[in-house]
Amino acid sequence: MKRLYTLTVNGEPLDVAAAPNQTVLEALRYGLGLTGTKQGCDKGDCGACTVLVDGEPRLACCTLVEQVADRAITTIEGVATPEGPSLLQRAFDEAGALQCGFCQPGMILSATALLQRNPDPTLPEIQAALSGNLCRCTGYTKIYEAVQRAAKDPGRRAPRLTGPPTSGFQVIGAPGRKADAIAKATGAAQYTDDLVLPRMAHGRILRSPHAHARILSIDTSEAEALPGVFAVITGQDFAKAYCVIPWTRDEHPLCRDKVRYIGDGVAAVAARDEATARAALERVRVRYEVLPAVHSAQEALAHGAPLVHEADHKGRARPDNLCKEVALDFGDVDAAFASAAAIVDDSWTYTGNTHGAIEPHCSLATWGDDGRLTVYSATQVSHYLQRELARMFDLPQGDVRVVQPTLGGAFGGKSEPFDLEFCSALLAKRAGRPVKILYSREEVFYSHRGRHPMDMHFKVAVDAEGHITGVESDILIDGGAYHSFGLVTTYYSGQLLPGPLAFGAYRFRSRRAYTNKPACGPKRGHGSVQPRFPLETALDELAAKIGLDPLELRRRNALPASDATTVNGLSVPSCGILSCLDEVEQASGWRERRDTLPPGRGLGVATSMYISGTAYPIYPNDMPQSGIQLRADRSGRVTVFSGTNDIGQGSDSVFAWIVAEETGVPLDQITVISADTELVPVDLGSYSSRVTFMAGTACQEAARALRERMIAAVAVKWGCPAEQVRVELGAYVDTLDAERRASTTDAMCWAEAALGTPLTAAGGYRTREVGAAYRGGTIGASPAYSATAHVAEVQVDQDTGVVKVLNVWAAHDCGRAINPTLVQGQIEGSVYMGVSEALFEELRYRDDKGLLHQGPSLLDYRMATSLDTPAIHALIVESVDPGGPYGAKEAGEGPLHPAIPAVANAIFHATGARMRTLPFTPERVLAAIRLARQEGPHA
Amino acid sequence: MLDLPSFEVHRPTSAAEAARLAGALPNAVFLAGGTDLLPNLKHRLIDAEHLIAVDRLPELRGVELLEDGALRIGAATTLHELATSELIAREAPALAAAAAAIAGPQHRRAGTLGGNLLLDTRCLFYNQTPAWREALGHCLKREGSLCHVIGSTTTCVAAHSADTVPALMAMNAVADILRGDEALHVPVAELYAQDGRYALNPHPGRQALVLGVRIPPRAPGHRGVYRKVRAREAIDFPQLGLAVCASFSDEGVVTHLSAAMTALLPRPKVVERLKVAIGTKLEDAVIDKLSQAAWQQCKPQASIHGSPEWRREMARVEMRRALVALRG
């Protein structure tokens, strides 16, 4: 029974009809349309729904409307003043604290309350006040900066550019504000679950309680009969399988014959609201024949193991659970081992973990009267999703429109089609109305596609001077129930390792096996974060064995700064690893401090290299991998049409920077429209760190073409040769007569008049042939590679085993920082995520309980809070890659890799203990310390 | 979304009315901050048809130092108020420290002392969604017949996880309770059941309305600390909670020492065999003995995060650190 409550929200008395069991979060989001208040976990574990009640931060998901009926509620929409966003909201924008922005309304409210009671807080006070608000993007670094800035700033309004550009440029290299940030700070940005369509129904998916079982029958009649239920579907309604990789399709939107993990979808319903949908699911009767489950990769490959998939995607019987095997051999590894000065030969374990984006996956599907399908989805890969939807529903691709609204964090976790997109589309068709499916946090964990567990055996040899002469690895990968990007993962676990440090010889074997667990996939640093851990810790051990400084050992093995080729044939046009090592050595005080640290304190170093996009698209074709179109008109505004998914990393802003640089059009006259397949050219999506390099190149090409048209028109107008016209920010100038200037708007008008057509331009990134000729030699091949070095400083409590990471200095060679604020944000977020993986994050399935996830929540899956995150020092190194736009390379994934081995190496330096299993929990660290003490001091 | 089950909310205007309602209504539970109750309801861990809101009842409000030196704290006092009150910091420092270490800042703004006292026991196999528990086959504490931690069909070992409770126990606090028309005064140490299925002893049981706690007068020179072991420095429940209180003479000689632990078993535990400290200045050898005693008496179960062996070891370490801090 609903009651009428009068809530005072943002100073306004509002009548709300609510049932007694309605939370403030539901009332705000779904009753009042105040969607700035976000839902991340729905049970008080993440802080995304924080609102102020009488000025104090409270969790809207754990508060009933009844509890606050006569209290003053402030949501993010009420923080701004009539003059505009609050000082703090602007400070978040200016500091670059808004990446995906999803957690930030809650964060800003917690910080608002802090500043109200303490106008000039110290850093520890800020950290404590924000410790109930998880952020997955920023590493909290720029959030602290924003709060401090707001505390001290008298209230000026910052320009788009907050610093000067790199010498020789007008905009490139200038730190600055993102185009979409202020909308995220005010709660105006619309994420998928914020969208509501008329007559919209809510869908839910029924999930398997068994890890492995045959579906004997499904009876949906009771569910269908429930009032308010519009449609019920099962696996029989989808004939085709899907996968992001076209030749490994092994997954159905709903299971047809078998379920393969606890959480696998078996039926879905659409109903008038979520509660009815949930009630309907309880009325779906599924009979299962439970089958023996495959628990681990070892078990999967044992003789006689139950088969997770009886047949492959072509219907051929599978002999075993081996999903993919790669074995490659480069040079004479055995000779290297035979002549080595020192060898480390050991095993390491990388426990799996997951992305933990605060926004749960969400899809909203609707069919037009013309039979065309539109899907709004929190996806990183609009184009691949469009292709798969068209194929699954037998539609021409042009009849499917995929729109990516503002996206609340992804990290690889939204980089392939998911069941909810197909199910919402089919339910919408059957129900004859739009259908939205929002994953619960538990479902996010089941859908997973996170970092693969890997059991890794490594043998690494150096000569007496510390040169890496031979590396051999044998890696067993637990893939979970489906393929996902598994083929790529398997290659990446070996192919991406021989840089930025050169190997003399290299041999690897990687095998990915199916098990009855949620499918693993790409997580930030796909496939290569795991083997970095054994390699870089083994190098640390080898340095100790031969009596060499571990940082110096890495220096001796650095790839050449230009035109290097790795032992496995990857061409590395630019490599700034030496500069990175110099930077972290100096900033951390490595030389002075390493031998003088107090007990339990240690410094560790590690490096990595990562791709700037995969050389080739996922489906073979000769078309550009990225396209950018520009439209300019007499208004003076340029609109950039980009297929790229801005997932919070700021790609829209990178394009704006590039267009401003080339055309001189000021940033506030540039609009970027992205990731709506109906409006924008194709881009393959935001994965594999490809965007700045590939889409940036396309954007540069388009902007240069636009500039040429504008210059030509100005030259005609002035009656001078085109070479005489120079482009400045905001003006076209006569190089021989500084008095003669035209605004960019004038230049556009003249060009439009001269052309007689609208002023447009387009650019593309076309596949460049890179990679080696052997089979598999193109996987791992990229047009450019970033390089990173970290030094981590830890304090280890030797009585408890608790590791506190105090500092991470991260120097990253991104080629060229187009907007350094964004690059720093990527480095800081990567370091945060790496440290959080190193210390806390662990996905485990209970072997003894039918492979049940050990805690699919943000309480049991622990991600570092502000109080657990080190001081992160982002250091940008610019090697200026010959192929990237202005020399730019990737920055979003590479800087994660070294964090884990750097922390492990710092623990060794602090205690003498070698960590071989992640995460470095106090139990494991304490056991390792004791083992080290038993074994005596290391060399 | 995790929807809540249907229930009615009642807002009585007096404690007496609240206590009567609790007795009269079927499946009634008290609601104060809701930070634990609502997630548990979303997980369908409790059958509640009626929520009785008590957070604004005047009898449950206020912190005051009584004339005899006792400290009376209303059950609706928020954890944030406990953590930031100067009076509590001075009179009951272990309690202030414990409250400050609970969950995150937003939880502490809503969560109350009474709610923490009545916190349901927690377990890896229990605090999960209905779908998860169905996949498990349910457990002894809820809808099942087996404790998945120890394999028992008769005893549940879900962990008591309320941080304020060891502090209150170490100060011999008494809970003032209204149960129907009956006023009860139950030592906090006696509130809890041995069987984790029931957070509270049958007496007072779930219908007990905790009005507040009364902390007896502290001896001169009272000091107190709370040591919390948890994975992260915010949000997480305790893997071990240890409160230690002591009084010292002007010469620094211990005149009183008491301690209690939580996050072991369904019932928090008073640490015994601390008398060796009396008359000493907590010299290192004394601290060693006391730490060993804590270790011996700490027998955690695998119902929560972290291995029992490690958590047990932490009792020794944390007892030593607590005593060193108290010694000053």
Side-chain angles (χ1 to χ4, degrees), chain A residues 1 19-23 25-26 39 42-45 47 50 53 56-59 61-64 66-67 110 128-134 207-210 262 274-275 278 438 440-442 799-801 840 849-850 852-857 859-860 862 864-868 921-923 926, chain B residues 1-9 11 31 33-43 51 53 55 78 80 103-110 124-125 127-132 134-137 148 229 231-237 239 305-307 309-311 313-314 316-318 320-321:
Chain A
M1 209 30 190
N21 67 346
Q22 198 162 25
T23 63
L25 179 60
E26 290 169 301
Q39 187 270 120
D42 216 13
K43 61 184 201 67
D45 301 334
T50 301
V53 176
E56 298 210 318
R58 295 273 295 268
L59 299 166
C61 74
C62 291
T63 308
L64 297 176
E66 200 282 339
Q67 290 176 280
S110 283
L130 302 181
S131 62
N133 294 83
L134 296 178
R207 296 188 178 278
S208 162
H210 305 295
I262 293 175
E274 284 219 33
R278 181 183 174 126
L438 170 67
S440 67
R441 178 53 60 180
E442 184 181 14
D799 296 327
T800 64
F840 303 111
K849 305 292 172 194
L852 196 53
H853 194 297
Q854 80 163 8
S857 73
L859 184 62
D860 289 327
R862 292 173 173 77
T865 72
S866 53
L867 293 171
D868 307 301
T921 59
E923 288 103 314
L926 197 56
Chain B
M1 301 281 283
L2 289 167
D3 49 343
L4 281 161
S6 295
F7 49 71
E8 271 304 318
V9 182
R11 192 167 278 285
L31 166 71
T35 52
D36 189 53
L37 180 64
L38 296 184
N40 288 352
L41 285 169
K42 286 182 177 189
H43 281 169
L51 268 52
D55 53 314
T78 66
H80 176 72
Q106 301 98 314
H107 301 92
R108 295 195 292 274
R109 293 306 200 294
L124 293 169
F125 295 103
N127 296 94
Q128 305 286 355
T129 66
W132 191 98
E134 188 200 331
L136 174 72
H148 296 274
V229 175
R232 297 178 293 179
E233 292 193 31
I235 302 176
D236 289 338
F237 284 94
Q239 294 175 285
H305 180 60
S307 76
E309 297 75 24
W310 179 79
R311 283 157 49 214
E313 274 201 73
M314 292 308 102
R316 188 204 310 270
V317 174
E318 297 302 338
R320 177 161 14 92
R321 290 180 179 182

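Below, chain A is the first sequence line, B the second, and so on; all start at residue 1. Any value given below was found using the heavy atoms of this structure, including those in side chains, with hydrogens, waters and symmetry copies removed.
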*Under 3.5 Å, is there a donor-acceptor pair between the Asn21(A) and Glu8(B) side chains?*
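On atom types as modelled, these side chains do not qualify, holding no pair under 3.5 Å.
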Report the option among [options] that has the most heavy-atom pairs separated by less than 4.5 Å from atoms of chain B.
options                                    : value
Glu56(A), Gln854(A), Gln67(A), Gln39(A)    : Gln67(A)
Leu852(A), Asn133(A), Leu867(A), Asp860(A) : Leu852(A)
Thr921(A), Leu134(A), Leu926(A), Leu64(A)  : Leu64(A)
Arg278(A), Arg441(A), His210(A)            : Arg278(A)
Leu859(A), Leu25(A), Leu130(A), Leu438(A)  : Leu859(A)

Please look at [X] and chain B and tell me whether the side chain, the backbone, both or neither of the residue comes under 4.5 angstrom of a heavy atom of that chain.
X         : result
Ser440(A) : neither
Ser110(A) : side chain
Ala19(A)  : neither

*Can you check whether Thr800(A)'s main-chain N or O pairs, donor with acceptor, with Trp310(B)'s side chain at less than 3.5 Å?*
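It does hold such a pair.
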*Output yes when Asp55(B) and Arg11(B) qualify as a salt bridge under the 4.0 Å nitrogen-oxygen rule, no when they do not.*
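Looking at Arg11(B) together with Asp55(B), the answer is yes, because their closest N to O distance falls below 4.0 Å.
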*asked:* Please determine whether a side-chain nitrogen of the Lys or Arg among Asp42(A) and Lys42(B) lies less than 4.0 Å from a carboxylate oxygen of the Asp or Glu.
replied: yes
*Partners of His853(A) by side-chain hydrogen bond (donor to acceptor under 3.5 Å, both in side chains), sequence neighbours excluded?*
none
*Where does Leu4(B) contact chain A at under 4.5 Å (heavy atoms): side chain, backbone, both or neither?*
both
*asked:* Just to verify, what does Arg232(B) make a salt bridge (Lys or Arg N to Asp or Glu O under 4.0 Å) with, not counting sequence neighbours?
replied: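 Checked Arg232(B) against salt bridge (Lys or Arg N to Asp or Glu O under 4.0 Å); matches are Asp236(B).
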